[in-house]
Chemist: 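Quick one: the structure is below, questions incoming.
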Amino acid sequence: MTARAYTVVQAASVGGVLRLTLNNPWRKNAIGPVMVNELLHALEAGAADEAVRCVVLTGAGDAFCAGGDFAQMAGAEGSQAVEPKGDYADLLLALANSSKPIVARVNGHALGGGLGLVAASHFAVAARGAKLGTPEINVGLFPMMIMAVLQRHVSRRKLLEMMLLGQRLDAEEAVRCGLLNRAVEPDALDAAVDEVTSTIAGKSPIAVRLGLEAFAAQDDLDLESALPLLRERLAGCLATDDAREGLMAFLEKRQPRWSGK
């Protein structure tokens with residue numbers, strides 16, 4: 001197990017899984033510039049570490065993330081443990097464009113900016129009892145940046161309803177509208193997340209990376225532009241050692257031995 005110390009984020013890597021914990025439980029893990037910056041650094045470090053196969057994002061205490069830190073928005077500043085790297089929009093892009101799968105382990109409420117982190121992740125599993133929503137309208141704000149990632153999962157009418165009414169969804173409704181993959185009992189949350197991460201660990205690392213990079217590249221393209229791009233990406237994937245090994249293992253009826261090349 002390896003760990004790196006930040007001020008409001010805990011980063012620990014065990015068995016190929018980098019676990020990033022929002023660690024400000026006395027403020028329900030409200031996200032501000034310091035937390036954003038530390039998450040950006042931790043994600044960059046995880047991307048550069050070949051031993052890391054996927055990333056789990058979760059919160060300390062009984063909340064995932066209660067949203068933006070209004071104290072910092074109002075002008076109070078926190079100290080940076082590492083040099084500035086970017087803002088919240090950069091963080092959403094880093095999550096959405098990550099070439100390693102991001103699994104949101106939603107242990108409690110995910111509101112506002114916290115819901116944006118969930119929506120930008122590749123997988124999202126929540127404990128029943130967690131609430132997910134966009135309450136910004138209630139304090140005279142609007143969920144500007146997170147609507148860009150929310151609209152990738154939620155229908156237009158449902159998203160407008162959430163944002164204009166300040167709605168909070170329970171975990172089961174969030175599954176139905178596409179924000180979550182699964183909702184489980186709190187004591188089953190770790191097992192559900194482990195099922196995802198262990199399954200990913202059994203896949204070819206380079207196929208996962210190339211696949212996620214291709215998915216991000218084609219996400220906003222029309223069909224006429226996406227298909228030629230994906231044809232090229234498929235050719236690149238077929239040229240890897242792992243693709244040759246996987247096809248051979250299939251023909252020989254055995255488990256593949258991935259090299260990650």
Side-chain angles (χ1 to χ4, degrees), residues 1-25 29 31-32 34-61 63-65 80-88 90-108 110 113-127 149 180-182 184 189-213 215-216 242 258-261:
M1 173 177 176
T2 58
R4 180 172 177 177
Y6 298 101
T7 58
V8 287
V9 170
Q10 288 181 341
S13 183
V14 181
V17 177
L18 174 62
R19 188 180 179 103
L20 301 180
T21 303
L22 312 183
N23 189 33
N24 193 7
N29 303 317
I31 188 166
V34 174
M35 185 178 286
V36 165
N37 195 48
E38 293 183 353
L39 284 170
L40 283 167
H41 277 275
L43 287 168
E44 183 179 68
D49 187 346
E50 292 185 1
V52 171
R53 300 293 302 278
C54 61
V55 178
V56 171
L57 184 62
T58 193
F64 177 81
C65 177
Q80 297 278 9
V82 288
E83 69 275 10
K85 182 166 285 292
D87 61 15
Y88 181 73
D90 295 313
L91 176 58
L92 292 182
L93 285 170
L95 292 168
N97 294 331
S98 173
S99 60
K100 296 187 179 181
I102 311 288
V103 183
R105 176 188 178 274
V106 187
N107 55 300
L115 181 57
L117 301 183
V118 175
S121 299
H122 299 109
F123 296 88
V125 182
V149 288
L180 296 174
N181 294 92
R182 295 174 61 186
V184 299
L189 183 59
D190 284 329
V193 171
D194 288 346
E195 181 181 353
V196 175
T197 59
S198 62
T199 300
I200 291 169
K203 311 302 182 187
S204 159
I206 193 168
V208 170
R209 176 175 64 80
L210 293 176
L212 287 181
E213 289 174 352
F215 184 84
D242 274 2
W258 307 125
S259 66
K261 298 179 182 179

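The analysis underlying the following values was restricted to heavy atoms, covering all of them including side chains, and did not include hydrogens, waters or symmetry mates.
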Chemist: Check whether any side-chain heavy atom of Leu20 sits under 4.5 Å from a side-chain heavy atom of Gln10, and report yes or no.
Modeler: no

Chemist: Name all residues meeting the salt bridge (charged side-chain N to carboxylate O under 4.0 Å, His left out) criterion together with Arg19; count only those two or more places apart in sequence or in a different chain, and write none if there are none.
Modeler: none

Chemist: Do Ser204 side-chain atoms and Ala207 backbone N/O form a donor-acceptor pair below 3.5 Å?
Modeler: yes

Chemist: Is there a donor-acceptor contact under 3.5 Å from the side chain of Lys203 to the main chain of Val208?
Modeler: no

Chemist: Dump the intermediate steps for side-chain contact (heavy atoms from CB on, under 4.5 Å) on Val9 and Thr21, then the final yes or no.
Modeler: CA-CA 6 Å; Val9 170; Thr21 303; over 6 Å; no

Chemist: Hey, mind stepping through Leu115 and Phe64 against side-chain contact (heavy atoms from CB on, under 4.5 Å) and telling me if it holds?
Modeler: CA-CA 9 Å; Leu115 181 57; Phe64 177 81; over 6 Å; no

Chemist: Do Arg182 and Glu195 sit within salt-bridge range, that is, some charged N less than 4.0 Å from a carboxylate O?
Modeler: yes

Chemist: Between the side chain of Glu213 and the main-chain N/O of Ser99, is any donor-acceptor distance below 3.5 Å?
Modeler: no

Chemist: Taking side chain as C-beta onward, heavy atoms only, is Val149 less than 4.5 Å from Leu117?
Modeler: no

Chemist: Is the shortest heavy-atom distance from the side chain of Ile102 to the side chain of Val55 under 4.5 Å?
Modeler: yes

Chemist: Evaluate Leu22 against Leu39 for side-chain contact (heavy atoms from CB on, under 4.5 Å), listing each step before the verdict.
Modeler: CA-CA 9 Å; Leu22 312 183; Leu39 284 170; 3.7 Å; yes

Chemist: Is the shortest side-chain heavy-atom distance between Leu43 and Leu91 below 4.5 Å?
Modeler: yes

Chemist: Look only at the side chain of Tyr88 and the backbone of Val36, and say whether a donor-acceptor pair between them is shorter than 3.5 Å.
Modeler: no

Chemist: Minimum heavy-atom separation for Ser121 to Ala104, with atom names?
Modeler: OG-CB, 3.8 Å

Chemist: Just jot down the salt bridge (charged side-chain N to carboxylate O under 4.0 Å, His left out) partners of Asp190, sequence neighbours excluded, or say none.
Modeler: Arg105

Chemist: So, do Leu57 and Val118 sit near enough that their side-chain heavy atoms are less than 4.5 Å apart?
Modeler: no

Chemist: Donor-acceptor check, side chain of Asn24 to backbone of Ile31, threshold 3.5 angstrom: yes or no?
Modeler: no

Chemist: Lys85: which residues meet the salt bridge (charged side-chain N to carboxylate O under 4.0 Å, His left out) condition with it, sequence neighbours left out?
Modeler: Glu44

Chemist: Is a side-chain donor or acceptor of Asn29 paired with a backbone partner of Gly59 at a separation under 3.5 angstrom?
Modeler: no

Chemist: What is the minimum heavy-atom distance between Pro101 and Ile200, and which atoms define it?
Modeler: CB-CD1, 3.7 Å

Chemist: Measuring from atom CG of Leu180 to atom CZ of Phe123, what distance do you get when rounded to the nearest 0.5 angstrom?
Modeler: 13.5 Å

Chemist: Just by modelled atom types, is the Asp87 backbone N or O under 3.5 Å from a matching donor or acceptor in the Asp90 side chain?
Modeler: yes

Chemist: For Ser259 and Asp242, does a side-chain donor sit closer than 3.5 Å to a side-chain acceptor?
Modeler: yes

Chemist: Can a donor-acceptor pair be found, under 3.5 Å and without considering hydrogens, that links the side chain of Ser98 to the backbone of Leu95?
Modeler: no

Chemist: Quick check against the 3.5 Å criterion: does Asn181 have a side-chain atom that pairs as donor or acceptor with the backbone of Val125?
Modeler: no

Chemist: Could you pull out the closest heavy-atom pair between Leu40 and Ala94, with the gap in Å?
Modeler: CD2-CB, 3.9 Å

Chemist: Under 4.5 Å between any side-chain heavy atoms of Asn37 and Tyr6, yes or no?
Modeler: no

Chemist: Show the nearest heavy-atom pair for residues Pro25 and Ala60, with the distance to one decimal.
Modeler: CB-O, 3.9 Å

Chemist: What are the two closest non-hydrogen atoms of Ala42 and Leu18, and how far apart are they?
Modeler: O-CD2, 3.8 Å

Chemist: Are the side chains of Val52 and Lys100 in contact, using a 4.5 Å heavy-atom criterion?
Modeler: yes

Chemist: Using every non-hydrogen atom in the two residues, find where Trp258 and Gly202 come nearest and quote the distance to one decimal.
Modeler: NE1-O, 2.9 Å

